[in-house]
Amino acid sequence: MADVHLPKGMRDILPQQMILRQRVISTIQQVFLRYGFAPLETPAMERIETLTGKYGDEGDKLIFRVLKRGEGGQQGEVDQALRYDLTVPLARVIAMNPQLPMPFKRSQVQPVWRADRPQKGRFREFYQCDVDTVGAPVGLADAECIAVVHDCLLALGFTDFTIRLNHRRWLAALALAVNAAEREGELIVAIDKLDKIGRDGVSRELLGRGFTQGQIDRVWELLDGAPLAGSEQALAELDQVEALALAMGVDRQRLLRDRTLARGLDYYTGPVFETVLTDGGLGSVSGGGRYDGLIGMFCGREIPAVGVSLGLERLIVLMEERGMLGGSSSATRVWVTVFSDETLPASLAAVSAFRQAGVPAEISLAGGKLGKQLKAADSRGVPFAVVIGPDEAAAGTVKLKDLRSGEEQVLSLSLAIDQLGAAS
RNA sequence: GUGGGUAUAGCUCAGCUGGUUAGAGCGCCAGGUUGUGGCCCUGGAGGUCGUGGGUUCAAACCCCAUUACUCACCCCA
């Protein structure tokens with residue numbers, strides 16, 4: 001093998017896989033459009049100061065930095081970085097385009113980069129499918145984020161998933177109530193692991209981090225439902241968002257209030273949500289929340305916003321494992337063989353006619369024996385082949401072969417076009 | 001950032017306590033079948049055993065280093 005390598009955590013996506021991938025993206029984008037989230041794209045790179053300080057310490061460390069072009073390479077100076085998510089670039093766009101009508105809804109399906117250690121379902125370059133609503137207060141817009149994720153997963157064929165819902169200010173109140181307001185982050189990180197390491201595990205971790213047994217006991221009381229001072233408004237907002245999401249058609253079974261859901265990113269200020277497959281085991285496939293303070297960091301004017309992101313890579317890994325990516329792995333419907341120089345014009349006429357009729361068609365470029373040509377079509381996943389030998393050319397017909405069943409029929413070109421246009 | 005695992009043909013891997021020409025399946029090419037793929041049969045091409053050092057009469061195998069990939073932790077989509 002030639003001594004060439006891909007950068008760590010990055011992959012080529014070959015055509016056969018790309019076909020399936022585009023179907024998934026297209027399904028998601030159709031749902032986005034049904035909700036009125038119009039597409040937006042932003043550059044792969046942002047200026048470094050646009051990204052830093054938005055995600056928290058852990059996040060900042062994972063920002064993929066880019067050496068300053070042309071100079072400073074030796075010293076490792078950076079002034080740009082690959083985007084870490086799609087939310088911060090959106091906030092920048094909003095700040096730079098004050099003329100946009102509010103509320104502003106947009107979708108964005110683009111890769112993001114994180115300088116993480118790769119593992120299963122985790123890559124350094126991966127696509128997020130993001131929707132955000134800017135300029136709308138807590139309520140309908142948050143519920144729409146939940147509903148759109150719900151509908152995307154259903155459209156892709158997932159049924160067993162749970163959208164967990166919590167509120168950042170409830171967690172802040174929790175931290176305050178146990179006299180750990182300045183250690184909210186640590187507290188949150190620990191209790192977020194509840195479903196993974198259990199109560200004992202969380203207690204042990206909190207002890208290890210220097211929390212007292214008294215604080216820990218109080219945390220459990222509050223998580224178990226004891227009244228929490230200062231959390232009334234947050235809870236009312238969650239009630240409202242939950243009710244609206246249900247009214248929008250979200251299945252009650254799939255929406256779960258969870259006081260331990262935290263979300264890692266610093267910029268969240270209100271309701272936060274995350275989706276896990278109940279039979280999954282790949283971490284979350286979607287995450288989001290309200291970030292009322294982020295845009296203000298760019299333009300000085302506080303503009304409320306809420307958004308959610310689907311992790312395309314993880315969805316595809318899971319769909320592959322579960323055989324949910326059906327259908328042909330080729331976009332080409334019919335493979336036109338070339339029998340000989342004499343019949344080449346007839347084959348060319350056929351392939352052109354298919355293409356003009358909107359039927360994706362390829363002509364055998366490499367030639368060779370008929371069997372080899374059929375094999376070429378089959379191995380590419382093309383469902384049909386057309387053979388035009390001397391007999392068919394003389395009669396003005398084509399032989400259409402279903403490569404899956406092996407059935408053949410001789411018919412006119414226009415009938416063949418009708419058949420392929422209609423058949424699925 | 002922390003801890004494991006792996007690296008041998010295009011792909012997936014086997015290769016015993018070191019032993020002489022390094023194997024299999026799949027794929028590829030050719031033929032069996034000059035108008036038919038998948039199944040079957042026959043033959044063929046294809047490997048500096050990741051890289052660099054060391055030990056040894058002898059290294060794919062042992063030791064050291066290095067690089068790459070990968071899995072898990074942290075965190076995340």
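Per chain, numbering begins at 1; letters A, B, ... match sequence-line order.
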K.L.:
Do the numbers put K105(A) on top of the ring of F37(A), so that NZ or CZ is under 6.0 Å from the six-membered ring centre and no more than 45° off the axis?
P.N.:
yes

K.L.:
Could you check whether S309(A) gets within reach of a base, just the sugar-phosphate, or nothing at all, counting any heavy atom under 4.0 Å?
P.N.:
nothing

K.L.:
Under 4.0 Å, heavy atoms only, any strand: does E205(A) hit a base, just the sugar-phosphate, or nothing?
P.N.:
nothing

K.L.:
Atom NZ of K375(A) to atom P of C40(B): distance rounded to whole Å?
P.N.:
11 Å

K.L.:
What heavy-atom pair brings L420(A) and R333(A) nearest, and what distance separates the two atoms?
P.N.:
O-NH2, 3.1 Å

K.L.:
Rounded to whole Å, please give me the gap between CZ in F339(A) and P in G35(B).
P.N.:
5 Å

K.L.:
Using the C1' atom as the reference point in each nucleotide, state the distance between U20(B) and C61(B) in Å, no decimals.
P.N.:
15 Å

K.L.:
I want to check a possible cation-pi pair here: R183(A) against F211(A), using under 6.0 Å from ring centre and within 45° of the ring axis as the test.
P.N.:
yes

K.L.:
Determine the Euclidean distance between corresponding P atoms of U55(B) and A72(B); express it in Å to zero decimal places.
P.N.:
40 Å

K.L.:
Do R124(A) and W113(A) form a cation-pi contact, if we require the NZ or CZ to be under 6.0 Å from the six-membered ring centre and within 45 degrees of the ring's axis?
P.N.:
no

K.L.:
Could you tabulate the donor-acceptor pairs under 3.5 Å formed by side-chain atoms of residues 387-403 of chain A, not counting sequence neighbours?
P.N.:
{"from": "E392(A)", "atom 1": "OE1", "to": "G389(A)", "atom 2": "N", "distance (Å)": "2.9"}
{"from": "D402(A)", "atom 1": "OD1", "to": "R404(A)", "atom 2": "N", "distance (Å)": "2.8"}
{"from": "D402(A)", "atom 1": "OD1", "to": "S405(A)", "atom 2": "N", "distance (Å)": "3.3"}

K.L.:
Do the side chains of E186(A) and R209(A) get close enough for a salt bridge, i.e. N-O under 4.0 angstrom?
P.N.:
yes

K.L.:
Figure out the CG/C1' separation between L374(A) and G35(B), and round it to whole Å.
P.N.:
9 Å

K.L.:
Compare the minimum distances between each of G37(B), U36(B), A77(B) and the side chain of E408(A), then state the nucleotide with the smallest one.
P.N.:
U36(B)

K.L.:
Looking for any heavy atom pair under 4.0 Å, which part of the strands does V189(A) touch: base, sugar-phosphate only, or nothing?
P.N.:
sugar-phosphate

K.L.:
Which nucleotide in the list A77(B), U34(B), G37(B) gets nearest to the side chain of K369(A)?
P.N.:
U34(B)

K.L.:
Expressed as a whole number of angstroms, how long is the span from E125(A):CD to A77(B):P?
P.N.:
17 Å

K.L.:
Taking CG from D85(A) and C1' from A77(B), how many angstroms apart are they, rounded to a whole number?
P.N.:
11 Å

K.L.:
Figure out the OH/P separation between Y55(A) and A77(B), and round it to whole Å.
P.N.:
11 Å

K.L.:
Just call it for G59(A): base, sugar-phosphate, or nothing, with non-hydrogen atoms closer than 4.0 Å on any strand.
P.N.:
nothing

K.L.:
Can you give one letter per nucleotide of nucleotides 67-73 of chain B, 5' to 3': B if a protein heavy atom sits under 4.0 Å from the base, S if only from the sugar-phosphate, - if neither?
P.N.:
-SSSSBB

K.L.:
What integer distance in Å separates K372(A):NZ from G31(B):P?
P.N.:
9 Å

K.L.:
Between the main-chain N or O of R259(A) and the side-chain N or O of N166(A), is there a donor-acceptor pair closer than 3.5 Å?
P.N.:
yes

K.L.:
Look at the side-chain N and O atoms of K193(A) and state whether any lies under 4.0 Å from the OP1 or OP2 oxygen of C75(B).
P.N.:
yes

K.L.:
Distance check, P atoms only: U12(B) and G53(B), in whole angstrom units.
P.N.:
28 Å

K.L.:
For G27(B) versus A9(B), give the span between their C1' atoms, rounded off to a whole number of Å.
P.N.:
11 Å

K.L.:
How far does the P atom of C29(B) sit from the matching atom of U8(B), given to the nearest Å?
P.N.:
24 Å

K.L.:
What's the gap between G5(B) and U48(B) when it is taken at their C1' atoms, as a whole Å value?
P.N.:
26 Å

K.L.:
Between A14(B) and A60(B), how far apart are the C1' atoms? Round to whole Å, please.
P.N.:
12 Å

K.L.:
Looking at Y84(A), Y291(A), F298(A), which hits ring pair (Phe, Tyr, Trp, His ring centres under 6.0 Å) with Y267(A)?
P.N.:
Y291(A)

K.L.:
Given C75(B), U36(B), A77(B), which nucleotide is nearest the side-chain atoms of F123(A)?
P.N.:
A77(B)

K.L.:
F64(A) ring centre to R114(A) NZ or CZ under 6.0 Å, with the angle to the axis within 45°?
P.N.:
no

K.L.:
Given atom CZ of R114(A) and atom C1' of G1(B), what is their separation to the nearest angstrom?
P.N.:
17 Å

K.L.:
For G47(B) versus A24(B), give the span between their P atoms, rounded off to a whole number of Å.
P.N.:
15 Å

